[in-house]
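Beneath this line is the structure, given in structure tokens, with notes to follow.
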Amino acid sequence: MALVTALRRLAHLRLRENTRMTAAVTSSTWLSGHRSFTTGTQSLRSDNKVTINFINRDGEKISVKGSPGDSLLDVVINEDLDFDGFGACEGTLACSTCHLIFDEDVYKQLGPVTDEEMDMLDLAYGLTDTSRLGCQICLTKSLEGVVARVPESVADIRQSQDGSS
Amino acid sequence: MSGHKLLFSGLKLWTSGSCRWTGRHHDGVNRRGKAASFSSCSPKVCIVGGGPAGFYTAQHLIKARQDVEVDVYERLPVPFGLVRFGVAPDHPEVKNVINTFTQTAKHSRCSFYGNVNVGKDVSVEELQQAYHAVVLSYGAEGNRSMGVPGEDLAGVYSAKDFVGWYNGLPSCRQLSPDLSCETAVVTGQGNVALDVARILLCPIDILKKTDITQPALEALAESHVRRVLIVGRRGPIQVACTIKELREMVNLRDTRPEMMAADFEGVTEALKDLPRPRKRLTELMLKTALETPEEKERERRNKASRTWGFRFFRSPVEILADPDHKRTAGIRLAVNRLEGSGDASRAVLTGEVEDVTCGLVISSIGYKSLPIDPSVPFDQRKAIVPNNMGRVQQAAGLYCSGWLKTGPTGVIATTMNNSFDTARSLVEDLDSGTLVVSAAKPGSQSISALLDKRGVKPVLFSDWEKIDIVEMKQGEAIGKPREKLLTVEEMLLEARK
């Protein structure tokens, strides 16, 4: 099963390497390909989509659309957003790499956090009171336009050296 | 197309405030197009070790520069290191990272060579001659010993070996741990210690649906172990395990917790000053140890046939033998008190000792890296390769990532960040010209020839896939995700078919 999935991804990869297009967003998560963890309910009606704004680690704002029911991790993968190491365990609450930070009012909207999510969130670097795991947040129309910040995943010594290594 | 990228990266350089020229987040766009046009050949990088560190380093390198070619060498015929041999069988989701590693391995600019023992079949110096850069990511195959009398008695094992045994590591196949006693003592209170305790006490009907090896499953089905004590030098606030693993123990079917209230003196008062992760972990421990459970839980505990518990402020000083001096009969523990508080606190001997009857002792006090090649600098005290951000000290063109770089702690995500960090250093050096790539290097061509001459036949990734299919088919027949091949010989047999 893993072999078939991997082969599928490889085919997609090769195709993309040959027809790479420069985008305003830096290169796609070539590794993630078309992995989607939802049952693929892609509605044809565009007004069913929800816009989400991600702020990446460079401070750039990236606006994408997802379908209600998709998790934020699904959106990152489906839209090929290039966040280094995001979603390592593929949405199974076995890591903290889909860590996202929200504004307080948005955070309150997202609802209660299970112990299982909190347990993994506790391991995230740069944990805040308004942190959540992207794989546990599902899109609804009421989340239209919310902003989710992708925090640093590790203390970067480089930044404090002012570029001189 | 590349011109367009250059323009974009040029804009980025000037618009971003801080000096981010190191290209930390612009992986995939070649930031130093100029350098690319000067280098007349593709940089060839060799990675030693096919575990998470190796694959994450490869992933980052391939993404950061379109011209880098990476070869991953692995001693065993099978890849993935501790993800295959360390992660507990009942934690299959943690192994999902294998999908990412598989993508990396199958990338056109990545090649996997299993069954190659670096340090024996080929030296690091030979690799450095064949490649522009070598990244050492071979992890920690040794373990810290307790250093106490009786450690060599039958019935005493390192967690590294015990975990290797139930996960099918070929070198641990003959461990045959003695599970005929009632009480087992695990020294150390990190996640590995909790994994060991959990596997010792887990109901067999749960284990038999995992990829635990059949011999281990059969041994555990016959096990008489009913009580596991997880012993640590310091107190509840200093445990190294994390809350997910603790919660799993608390919720483990047919078990009940058994702890000493005295060990928790002063802990409730200290709670308010703790950061959230440590606070939640300590609260769960307190609740489990001290609170009277409500009726349903009380009933569940009364019916439980197995017990587990933490024991604090205890250090092993001797393993006690039975009268015939042949096997473990108990462990002598020194009683400690804490000096200082929080992470910085130290265990200080009080002079008291305590003997605990047990027939199985598993020391889970840390893995340890070993030097594999005399030409590579090695810090014996810290048991790591001395480095600065992954660049090996006083060794141009040599890098390290994973546990070999930082010491054997951290989860897979920690190793991921650590490996990305080393890859960034390497890419910086390529971009800046510190790593000279003006002369072409033969890479795997010369190494393959060398190995061939020495009678070593590498296992390619496509060969591993044959092993993978066989293991999954074997597992399917008995309701498991896979039944692992347990010897290198069997692995090679399938690989060559």
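Naming convention: chains lettered A, B, ... in sequence-line order (proteins, then strands); numbering from 1 in each chain. What's counted below: heavy atoms across the whole structure, side chains too, no hydrogens, waters or symmetry copies. None of the values given here were measured: they were computed from a predicted structure.
Contacts with chain A were tallied for B:H91, B:E93, B:R278; B:E93 has the most, counting heavy-atom pairs under 4.5 Å. Across A:D129, A:L127, A:L121, A:T97, the residue that shares the most heavy-atom pairs under 4.5 angstrom with chain B is A:L127. Of the residues considered (B:R280, B:M416, B:K95), B:R280 shows the highest number of contacts with chain A, using heavy-atom pairs under 4.5 Å.
Heavy atoms of A:L93 lying under 4.5 Å from chain B belong exclusively to its backbone. For chain B, the nearby part of A:M120 is the side chain; its heavy atoms alone come within less than 4.5 Å. Of the atoms belonging to B:R247, it is side-chain heavy atoms, and not backbone ones, that fall under 4.5 Å from chain A.
A salt bridge between B:D463 and B:K466 is present, with a side-chain N of the basic residue lying under 4.0 Å from a carboxylate O of the acidic one. Between A:D122 and B:K244 no salt bridge is recorded (no basic side-chain N to carboxylate O distance below 4.0 Å). Ionic pairing of A:D84 and B:K63 is present here: one or more N-O contacts between side-chain nitrogen and carboxylate oxygen are shorter than 4.0 angstrom. We find that B:E283 and B:K287 are not joined by a salt bridge, their nearest charged nitrogen and carboxylate oxygen being 4.0 Å or further apart.
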Open item on the list: Evaluate A:T130 against A:D103 for side-chain hydrogen bond (donor to acceptor under 3.5 Å, both in side chains), listing each step before the verdict.
Closed with: CA-CA 7 Å; A:T130 56; A:D103 290 330; over 6 Å; no

